[in-house]
Amino acid sequence: MNQVELINVSKSFDKQQDILNDINLSIKKGEFFVLVGPSGSGKSTLLRMIAGLEDITDGIIKINERAVNHLPPKDRNLSMVFQNYALYPHLTVEQNILFGLRAKKVNKQEQQKRLNETCQMMEISNLLKRKPKELSGGQRQRVALARSVVSEAPLCLMDEPLSNLDAKLRAHMRIEIKRLQKRLGLTMIYVTHDQVEAMTMGDRIMVLNNGRIQQVGDPITLYNKPANLFVASFIGSPKMNMGKAVFSDQHLIIEDDLHLPKESIKSAMISETKNITVGIRAEHILPAEDSGVTHELTVVNVEQLGNETLISFEIGKELWTAKWLGQWNVHTGDKLPVHISADNISFFDSNSGRLLEASSTEKEEVLAI
Amino acid sequence: MKIPLRRKVIFYILLVVSAFLVFAPALIAFMMSFMTNQDIMSGKLIPTTITFDNYLAVFERFPLLNYLLNSFIVSIVIMIGQLMLSSLAAYAFVFMEFKGRNFLFFVFISTMMVPFEASVIPNFQTIRDLNLIDSYAGLTLPYFAMAFGTFLLRQNFKQIPKELKEASEIAGMGHFKFYLSVVLPMAKTSLITLGVYGFLTSWNMYLWPLLATTNDSVRTVQIGLKQLQTQEQLNEWGVIMAGGIIVVIPTLILLFLGQKRLQQGLAEGAIK
């Protein structure tokens, strides 16, 4: 069953350029759906349109199979968590959490029951009498979540709720929010600019850029088969290594620097396309030990992360990064033998940006247990 | 910054002298209110004998309590009226979106440039035509709408994050409830400032109560004081001064209590 459905939705401010264009989307019940994109891509606007805080210029938004274009936010049966938490500074935590229930005139016993349950779940029972300014960032975040949970609305919208927290707490809250969503069976629409958050939390992800949908899919699909150059460079960290490529008689030449034998590329469609951009993930530039040396590259930078090593090479004008597991004793200026296989290269049309051929993932098919 | 001692001494002497100059009328009035007529006429500054006769006289010979009560009622009604109208207007200017909102606000603000004296005649005609001469309503109504108060509160309301409004919209809270349960409590300081300011201004007003009243029934204390002066053939200055001191007391109390908040609130509006 589709909880939320968007049909040809678009938005423009002051009759100017469109902020959002032709958005078609359906979100299933109980799904954790992430809207991700760089700032200014229109993701927050889209969320606010679903919430009813922003008008819809064109198209239809349906919640529970019912068009809600002109329904005020309170009748859409949803809850929302804001980036700055939007806690009322003059009310205590308890009053903040119960604020919505009081507005809806839920009876006192029911209020107390839900308050107790929620506070136990969020572990904030000891904070009830405090004011928001006496709380830490993480505690405020919990209160904001509790306020949303206590409403028992089946649809929950979140607008970059973790961006004000430090990195450690953010990682922790990611897991908590995801667990909470599964436990309560909420349908979640979650806006973020952080692709790590999107990848780790989302059941499905929609990548948005300049008001247009770039791709919708589950995290692994987005990673392995990015629909275009934008998605390829946006999803994944470090980002996918890109380079312009041309075909010569025998070789595929990347950035006038790397040569790959033509025979290894199977698809005929690729060789017909004039302007090609190739992309390869950092983990696919392998140390050449057992699989044979294909190239020798000069190291321009090394980042030691402890469990893995990021090594940068200069390929023509581009800077490529390889991610090698473990600790490698490599120094800037070294010539490193590496193994790059054509199988791991994705091909894009430079003009349209579209994916021509994804890297074949057969060899390292997503492991199933 | 460290000021050399000599300059510091000069500064303080100048400050003390000017403080005396500024405060002299009030000081003299205070002294005179405890003097006998004889002392006053001989032009003394410090009473030879302290007497409370003047204070007794002002209450006995003159309906001072009645005037004080009128002033209280008028000032409090004006204060409440101003707080209500200003905060509602400011709310609309901040939280409701409508066409020409900014233009309307500038028109609203520009009325601050018209002094009340300039509109006193049309106001008088309106009140007279409504048969409100000699009534509390006539005394207070023209002061309810206040551009300054709306301006002050609008600046204050603007600091309330937009997300709070949106959160309450999602919670299903209407404009009025949001205004009552979120906006007003959050703007408490500014409201107190505005209340004190409104009370003091109306307590001290003179021209309008003079025009809008024809008898003693609703007349305010400031007019009453003036009458003390003219009723007698030979002015009894001691009595007049005693009346003056009594009238100043509520103002002083309010100032002492509200000084900090007043400064805070006015500065808040000024910065942003």
Side-chain angles (χ1 to χ4, degrees), chain A residues 13-14 44-45 47-55 63 68 71-92 95-106 131-133 140 143-145 147-148 150-153 155-161 164, chain B residues 83 87-88 90-92 94-105 152-195 260-261 264-265 268-269 271-272:
Chain A
F13 284 119
D14 301 331
S44 282
T45 309
L47 190 78
R48 293 163 54 80
M49 283 161 77
I50 297 171
L53 299 170
E54 204 88 61
D55 304 334
I63 295 178
V68 294
L71 222 57
K74 66 180 164 91
D75 297 330
R76 299 189 183 198
N77 202 10
L78 48 82
S79 62
M80 185 159 173
V81 177
F82 292 85
Q83 182 173 3
N84 60 5
Y85 316 137
L87 299 176
Y88 301 103
H90 62 291
L91 300 178
T92 62
Q95 289 165 325
N96 260 297
I97 294 174
L98 293 177
F99 192 80
L101 299 186
R102 290 201 177 135
K104 288 208 172 90
K105 302 208 170 62
V106 176
K131 292 269 173 74
K133 66 166 182 259
R140 281 181 211 179
V143 175
L145 282 176
R147 189 170 68 181
S148 154
V150 86
S151 73
E152 293 186 355
L155 176 61
C156 181
L157 311 180
M158 292 198 176
D159 191 358
E160 310 216 11
N164 289 347
Chain B
L83 284 179
S87 59
L88 283 170
Y91 180 89
V94 175
F95 291 103
M96 289 177 166
E97 301 228 349
F98 50 89
K99 265 205 177 120
R101 181 171 75 168
N102 286 334
F103 176 74
L104 195 66
F105 182 69
L152 185 88
L153 291 181
R154 173 181 176 264
Q155 299 312 95
N156 196 261
F157 290 177
K158 272 189 138 180
Q159 292 170 10
I160 297 173
K162 201 176 72 199
E163 282 83 359
L164 292 187
K165 175 82 186 88
E166 292 172 349
S168 71
E169 258 175 59
I170 287 171
M173 185 162 280
H175 276 299
F176 194 65
K177 212 159 173 213
F178 179 68
Y179 161 80
L180 280 183
S181 61
V182 178
V183 174
L184 290 189
M186 282 183 72
K188 212 165 59 188
T189 315
S190 288
L191 289 171
I192 291 174
T193 309
L194 189 65
K260 252 209 176 120
R261 298 242 184 185
Q264 228 174 27
E268 245 170 46
I271 291 166
K272 212 181 168 193

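Residue numbering restarts at 1 for every chain, and letters A, B, ... go by the order of the sequence lines.
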Query - More than 12 heavy atoms from other groups under 6.0 Å of CZ on B:F103 - result: no
Requested in this report: Tell me, for A:R102 versus chain B, whether the close heavy atoms (under 4.5 Å) come from the side chain, the backbone, both or neither.
Outcome: backbone
Requested in this report: Mind checking side-chain hydrogen bond (donor to acceptor under 3.5 Å, both in side chains) for A:Y88 and listing every partner two or more places apart, or none if nothing turns up?
Outcome: none
Query raised in the report: When only pairs under 4.5 Å are counted, which of A:G52, A:A51, A:P73, A:P72 shares the most heavy-atom pairs with chain B?
Result: A:P73
**Report entry** For the student: nearest non-hydrogen atoms of B:A171 and A:A103, plus distance
**Finding:** O-CB, 3.7 Å
**Report entry** Nearest non-hydrogen partners of A:L87 and B:L164, listed with the distance
**Finding:** O-CD2, 3.5 Å
Query raised in the report: Under a 4.5 Å heavy-atom cut-off, does chain B meet the side chain of A:S79, its backbone, both or neither?
Result: backbone
Report summary line: Residues B:A167 and A:R147: closest non-hydrogen pair is CB-NH2, 3.9 Å
Query - Sidechain-backbone polar pair: A:H90 side chain, B:S181 backbone, donor-acceptor under 3.5 Å - result: yes
Query - Interatomic distance, B:E166 atom CD to A:E54 atom CD [nearest 0.5 angstrom] - result: 8.0 Å
Query raised in the report: Using non-hydrogen atoms only, which part of A:L101 is less than 4.5 Å away from chain B: side chain, backbone, both, or neither?
Result: neither
Report task. Please tell me if the side chains of B:P185 and A:L91 come closer than 4.5 Å, counting only heavy atoms from C-beta onward. Result -> no
Report task. Would you indicate whether B:K162, at its atom NZ, is surrounded by more than 12 heavy atoms from other residues, nucleotides or ligands within a distance under 6.0 Å? Result -> no
